[in-house]
Amino acid sequence: MIIEANNPDLYSWVQVPDRSGFPIQNLPFGVFKTKNLSPRCGVAIGEKILDLHRVYDVGLLNDSGLRTNHFAKNTLNDFIGLGREAGRGIRNRLSYLLNEQNAELRDRADRDTFLVDQTAAEMLMPIEVKNYTDFYSSEQHAFNVGSMFRDPDNALLPNWKHIPVGYHGRASSIIVSGNPIKRPKGQVMPEGADMPVFGPSRLLDFELEMAFITCKENGLGNSISTAAADDHIFGFVLFNDWSARDIQKWEYVPLGPFLAKNFASSVSPWIVTLDALEPFRIAGDTQSPRVLPYLQFQGEKNFDIDLEVFIQPESGEVTRVSTSNFKYMYWNVNQQLAHHSVNGCNIEVGDMYASGTISGPTADSYGSMLELSWRGTKPLKMKGGGERKFIQDGDTVIMRGTAERNGVRIGFGEVSTKVLPAD
């Protein structure tokens, strides 16, 4: 499939700094506002945001077939609900308008009014999340956790290599980057105690994940095949699935996470389209035993996306604590969506599906403090002094992601969240 906007030879008349994650080949979608502009949709280009509300209003999208200004809204739901093919047409049209060879927008006397400095904008939640599912699809992460709480010989439960394990989480507490969270409270069972106690979590953790967003419904009672899954996926965001490990340990039997997870999850504000990620497809590891027919697929379904996690103390230097990659997923997104819908579950526009913690094969590529500090037995050294077993009050956790190939660097921006003390 040839996607015009992905041409690595394209350049924009908008200045794009070297090593920027927002070249003309990316054009991720988001929602923003400024002191003078109401919430609206835009795309990132270099250090600017192209105001799509204004682009539509002056008729520059007439040739795209778009007949309603879906960009004058405070979420992207209506736009992505047009489907992946319509989104591709809009992205191709925007690429054409931003191309250095095209004078249509470049030579307008008022062209600067179409662009907003990213530093002057407040980024908002890009979508209204209808439903949220969290998977558990990194084999190394599942092995690490199983080894800690059982033993290495029985680290993976019997079902793990047969189904993409997941659970339905809380959609209303998903927040956009830049919003702080309060340390959660709940019941914990201290070691050696006979009764639980209530209080703030002492083992607050991040989980390095990515999440995809659906743009097409299937209707109750209908399933989505692995082959059709791509048409239902609009794009991806970075995802920090906060976890209170001590609360989770006490509550998760028999139904799984509850208060340990539902207090917050943080996402990056820019949705990088599946189209923009097509050049970064890569084959995943061989799945053994062979999966059931409805989970079998053709082609490359994993993505080569470098991921990083940093901890910024309230006072002190920022420390990079993890470097991982989205390619380490055992279960790919097509399999996740096929499994999710195989029983007829109705997929909606704006649903969010997180990957589960992404851990690589080496200790510095693990995707959570639980693994990086190995349950607190191996504290991480922080730059400028100090150490971390888990996340402390005042810490800001920052996640970044980039994909790079053939001279094109596609970035997700970052998801940054500060932890405040519990009330």
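In this chain, residues are counted from 1 in sequence order. Here the structure is a predicted model, which is why all the values come from computation and not from measurement.
- For D117, the salt bridge (charged side-chain N to carboxylate O under 4.0 Å, His left out) partners two or more places apart in sequence, or in a different chain, are K48.
- Applying the ring-ring contact (aromatic ring centres under 6.0 Å, His included) test to residues at least two apart or on different chains, the pairs with a partner in residues 342-396 are F212-Y353, H340-Y353.
- The closest side-chain donor-acceptor pair between R290 and Q296 falls under 3.5 angstrom.
- Comment: D304 does not engage R281 in a salt bridge, judged by the lack of any side-chain N to carboxylate O separation of less than 4.0 angstrom.
- For Y330 and W160, the distance between ring centers is under 6.0 angstrom.
- N218 and N346 share no side-chain donor-acceptor pair at under 3.5 Å.
- In this structure N69 satisfies the side chain to side chain donor-acceptor pair (under 3.5 Å) test together with H53, D57, sequence neighbours excluded.
- Between M352 and F239, the closest side-chain pair of non-hydrogen atoms falls below 4.5 Å.
- Residues meeting the salt bridge (charged side-chain N to carboxylate O under 4.0 Å, His left out) test with E209, sequence neighbours left out: none.
- Using a cut-off of 4.0 Å between Lys/Arg side-chain N and Asp/Glu carboxylate O, R84 and E278 are scored as salt-bridged.
- D230 and N334 form a side-chain donor-acceptor contact under 3.5 Å, judged by distance and modelled atom types alone.
- For the residue pair T357 / E207, a side-chain donor-acceptor distance below 3.5 Å is found, with atom types taken as modelled.
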TODO: Report the C-alpha distance between F236 and F303 in whole Å, list the side-chain angles of each, state the deciding distance to 0.1 Å, and finish with yes or no for ring-ring contact (aromatic ring centres under 6.0 Å, His included).
DONE: CA-CA 11 Å; F236 292 79; F303 297 91; 5.6 Å; yes
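- Counted by atom type alone, N332 and Q336 present zero donor-acceptor pairs between their side chains at under 3.5 Å.
- Electrostatic pairing of K161 and E139 counts as a salt bridge here, judged by a charged N lying under 4.0 Å from a carboxylate O.
- For T113, the side chain to side chain donor-acceptor pair (under 3.5 Å) partners are R54, not counting sequence neighbours.
- S95 contributes atom OG, which lies 11.5 Å from atom CG of D275 (distance to the nearest 0.5 angstrom).
- Aromatic rings from F135 and H339 are positioned such that their centres are separated by 6.0 Å or more.
- Between the side chains of T34 and E122, no donor-acceptor pair is found at a separation under 3.5 Å.
- Checking S373 against R375 by side-chain atom types alone, no donor-acceptor pair falls below 3.5 Å.
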N/O donor to acceptor pairs below 3.5 angstrom from side-chain atoms of residues 411-423, sequence neighbours left out:
from : atom 1 : to   : atom 2 : distance (Å)
E414 : OE1    : R400 : NE     : 2.9
E414 : OE1    : R400 : NH2    : 3.2
T417 : OG1    : S266 : OG     : 3.0
K418 : NZ     : E314 : OE2    : 3.0
D423 : OD1    : K182 : NZ     : 3.0
D423 : OD2    : K182 : NZ     : 3.1

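- Checked by atom type, the side-chain pair Q335/Q287 shows a donor-acceptor distance below 3.5 Å.
- Atom CG of N406 and atom CG of N7 lie 11.0 Å apart (nearest 0.5 Å).
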